Amino acid sequence: MCGIIGINSSKPVSATIINSLKKLEYRGYDSAGIATLYDGSINEIKSEGRVDNLEKSSLVKNMEGTVGIGHVRWATHGLPNSINAHPHSSQNVSVVHNGIIENSTLLKKFLVGKGHKFKSQTDTEVIVHLITENLKTENIVDSIKKTLKSLHGSFALGIIFKDEPDLIVGARRGSPLAVGYGPNENYLGSDSYALKSMTNKITYLNDGEFCIIKKDHVEFFSEDGTKINKKVLELSSEEEKYDKGDFKHFMAKEIEEQPITLKNGIKEYIDTSNNDINIHNFPWKINEISSVTLIGCGTAYHSCLMAKYWFEELTSLDVNIDIASEFRYRKNRFKKDTLYVFVSQSGETADTYAALDLCIKNNMKTCAVVNVIESSIARDSEFVLPIHCGTEIGVASTKAFLGQILILYILALKLGSLKKDIEKKTFIEKINDLKELPKLIEKTLSLDNKIQAVSSTFNEAKGSMFLGRGFSFPIALEGALKLKELSYIHAEGYPAGEMKHGPLALIEEGMPVVVLAPRDDYYKKTISNMQEVIARGAKVLLITNKSKDEIVSENIWETIEVETTNEDLFPFLLTIPLQKLAYYSALKKGFDIDKPRNLAKSVTVE
Ligand code: AGP
């Protein structure tokens, strides 16, 4: 999950590369670097940490050169420091890389044997020396071809050459890479997002392809070096305003945006005048689908788990879910009448893309639920259900999670209705309840003070549990993940009914435990599980819904009541306090909320 940029221009490129790298920091921010060709040599500058550190270097300010490459890194091999930062360069070649070279140890041994000196601990550096070695006997295209053939694993590459000062080479296998076209300059980027501020004319490379980018034209090649023609796509050019506005962090802004983003999603799919759901151009007849498999990673996997409960509730379809990194290596029994749904905010997650690729290779029905509609997963799926929640910058997913589960709920409702598993009257009631949801989210967002007050207790604890049953269980997992990734505290989401089978041993005096217990079918059972943990000294934060019924339990540390709605929709409301809990906990700890340590917004390596 690194970010790559390359620019071949008629004017100096360093400032534009640096600005583009700032937009790419959502992909990784351990370290950054830039290399340009100037005065017959490769000029390389790198720094640990953010792009700002690189920009501050006086060397960058005076960096010359009209051909250059840049990189922001999320470490896979080697510590996040300036030596391991990209670009990696020999005297003749400089490379930026996103992906993992799985045979780098073997290649390094071979190259050291040829006298090459290595400076870093990275896998990427073998690419530099391999190209340098091959250039001794081959021309550019053949040396690239030969090098790519020797590499095992995944890569998106940007390469410049001391002796070829008018070109940049790009190559792709397993990690996305795009070419952009500008006025008397051309670009290379990890994805269209990286290029959006410079152009909306884009060509995506497919696996195995490579390209030679000059400032006035671009040549594309297939794996065997044959020249090929590629389509130029014109993407929507509206440059989304994605600054923080009055908020301290993107995450805070994105939490507060949720009523709007849900409204957008509902508007896109709910046909108010006909009390129906529009899923335009759905490519399959409902009798061609008898089961659904939902696949994702992290928060997107929690969306899949949430959807499983809704699909079971609203349709007679068999429903399976899987974590993409598991699915891609499982001995899958592919069935023609299964619809495979890939959930991904970025649409670039390597494991999710690999799972999609496996299904495509087995001629399965594939549907993407994504936020970035120009992404690889969206482009390569047969059908796309965009979540329409706008750019999400915060690495910890908030509005995209609610957007994902909204679209999955709508899909379950629609398929249930098409299969006649839901009566028309019930279907209309559920649609009407859904239309009220943004207003209820708005009210729930105001539950700020109580959340702020309890967040320090979570900070002081050595760990916490998040418990829920049924529809609330996926939200318990999501709430725990938010707290983990933002405040670096151990937190575990668990089915409330499972606590007595072991984890109850973890409960000790004063341990904070979140219990999600809206007054749905699981309420009474969850309250008894809550009493089991209170009896052992836990400080329970109960999140339930407003009701005239008294809560039949004592010694609850704090209670938060969300608005009341139809049971299907409680998960949306329960999520809000948990997002805020994680946010305030990290805020009090002074951690980097939009870019938590060790993470990146789009995990494009496996
Ligand atoms: C979300 O809070 C996490 N940062 C992470 O789990 C994320 O959901 C996961 O990496 C999947 O990303 P995607 O939705 O872009 O595929």
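For ligands, and for the atoms within them, numbers begin at 1 and follow the listed sequence. Below, each value reflects all heavy atoms present in this structure, side chains not excepted, and no hydrogens, waters or symmetry copies. What you see is a predicted model; the values in this text were computed from it and never measured.
Counting the atoms of ligand 1 from 1 in the order shown, those under 4.0 Å from a heavy atom of Ala300 are 8 (O), 14 (O). Which parts of ligand 1 touch Ala396 is read off a 4.0 Å heavy-atom cut-off, strictly below it: atoms 2 (O).
Legend: residues meeting side chain to side chain donor-acceptor pair (under 3.5 Å) with Tyr187, ordered by chain and number and at least two apart, are Glu185. Residues meeting the ring pair (Phe, Tyr, Trp, His ring centres under 6.0 Å) test with His388, sequence neighbours left out: none.
Among all non-hydrogen protein atoms, the one lying nearest atom 8 (O) of ligand 1 is Thr299 N, 3.1 Å. Of the protein's heavy atoms, Val603 CG2, 3.8 Å lies nearest to atom 10 (O) of ligand 1. Closest protein heavy atom to atom 12 (O) of ligand 1: Thr349 OG1, 3.4 Å.
Judged by the shortest distance from any of its heavy atoms, Lys482 lies inside the 4.0 Å radius around the atoms of ligand 1. For Val395, the heavy-atom gap to ligand 1 drops under 4.0 angstrom.
When Cys297, Ser346, Ser375, Gly394 are ranked by how near their heavy atoms come to atom 15 (O) of ligand 1, first place goes to Ser346.
Among Ser376, Ser175, Ser375, the one residue that satisfies the side-chain hydrogen bond (donor to acceptor under 3.5 Å, both in side chains) test with Glu348 is Ser376.
Taking 4.0 Å as the cut-off between side-chain N and carboxylate O, Glu498 and Arg469 do not count as a salt-bridged pair.
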